[in-house]
Amino acid sequence: MTNDIRAIAPAAHGASGEIPIPGDKSISHRSVMLSALGITPVHITNFLHAADCMSTAACMEALGARVEFQRDDELTVTGNGLHGLREPATFLDAGNSGTTLRLLMGLLAPQPFFATFTGDASLHRRPMGRVAKPLRSMGAAIFGREQGSKLPLALLPAEKQLTAISYDSPVASAQVKSAILLAGLYAKGTTTVTEPFRSRDHTENMLKAFGVQLDIGEKSVTLHPPKEMKAPESIEVPGDISSAAYWLVLGSILAGSDLLLKNVGINPTRTGILDVLSDMGADIAVENVRRSGGEAAADLRVRAAKLTGTKFGADIMPRLIDEIPVIAVAALFAEGDTVITGAGELRVKETDRLQAIYDQYNKVAPGSIELLEDGLIIHGGKALQDATCFSYDDHRIAMSLAILGYAGSGIHIENADCIAISYPTFYETLAKL
Ligand code: S3P
């Protein structure tokens, strides 16, 4: 990442207009991974052309799939079948992407070849034991730093077929669940994953689109290993609600705003931000509901509203886990306090996001944020000032700071370019408002 500093001036007036929302990051990753397991070409549209998903595309190419881009956000992926992945010639580089690394650990653990993983500095600090441990109990041989829990990681060729497990995951994590399900594609027997709270279910939805039989319970999923993957001809990726989140908050807190966010995925495992903003008094209308690539999508209209503080915890957390940094911005503009608990997972994201919010938002809104072990208390309505804040090279912290400065008194963001991880056109879109 570069050490750039970006200055964001305060808005001169409300934000209005239409914003097309770029493709969903989670679904884009999965579209390429699963397409690489078919034998017929899959045409993927509205793919998120951002650094994280490009890491996945490069890894799948290194594993023998044909990946051909027609445009930035449109590509065709052709695999060599469920058992057609090939040994990569060198390290697989997951860059900044936890999803790439964890899902590929699951997919490659059962393969009869050697694979090694690397990534950027942030990914080297993140915990991979949560995936390695259940995969080892299926029979996988995974080695790495810190007792095999940190990058760089090596997967030895599987000597025999993995054994299916029934895994009670201590964390509600779609990455953990997905890794085990992908390994389960090749295991002997049916694989079950149970979570404390249901996490995003894009892997399940896409596996079904590839003809895999799954039994879905309230908090559990069971996978029946298929003989082959029946690739669909095309996958249309809906827009990412985690990217729409910045505009949902900006439109709510900036007086005089009226924004129409086009083509946003509204899978119920992802819409926690709509529930929380509505609780706070936001004015958001869900229009034109439809299906897009096996997922629900809609246009979201957001108008400025007077927000009040709210309280939420562990049960809703998986449905808004990536939106906490920008929900915390909304809370700064609300009347009264917002109390967030059950958010300990934020400490192991691209950076420790609870600490980042505490350290950086308090520079802009002194005395507003209290830090808890697993959450935050945010005192809304305090005076805001321009300050120089650090992104920690975390895309979601950078974009949330930009919204905070734009709706408030301006801001200077150090290492601002990291937004390219998930939303390369973010600053352009902000400038157009
Ligand atoms: C993701 C799952 C979530 C989320 C991440 C994307 C996915 O992580 O924070 O940005 O695509 O499966 P966890 O599964 O670790 O909660």
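Order of appearance sets the numbers: ligands from 1, and atoms from 1 within every ligand.
Within the structure, ring-ring contact (aromatic ring centres under 6.0 Å, His included) pairs that include any residue of residues 169-223 comprise His83-Tyr186 (at least two apart or interchain). Pairs passing the side chain to side chain donor-acceptor pair (under 3.5 Å) check and including a residue from residues 161-173, sequence neighbours excluded, do not occur.
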Throw together a table of side-chain donor-acceptor distances under 3.5 angstrom for residues 214-231, partners on residues two or more places apart or in other chains.
from, atom 1, to, atom 2, distance (Å)
Asp215, OD2, His224, NE2, 2.8
Thr222, OG1, Thr192, OG1, 2.8

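Without hydrogens or angle criteria, Lys349 side chain to Leu354 main chain gives no donor-acceptor distance under 3.5 Å. Between the Asp393 side chain and the Ser122 main chain, no donor and acceptor come within less than 3.5 Å of each other.
For the residue pair Arg270/Ser242, the side-chain donor-acceptor check at 3.5 Å is satisfied.
Residues of the protein with a heavy atom under 4.0 Å from ligand 1 are Ser26, Arg30, Thr99, Arg102, Ser173, Ala174, Gln175, Arg200, Ile321, Asp322, Lys349, listed by chain and number.
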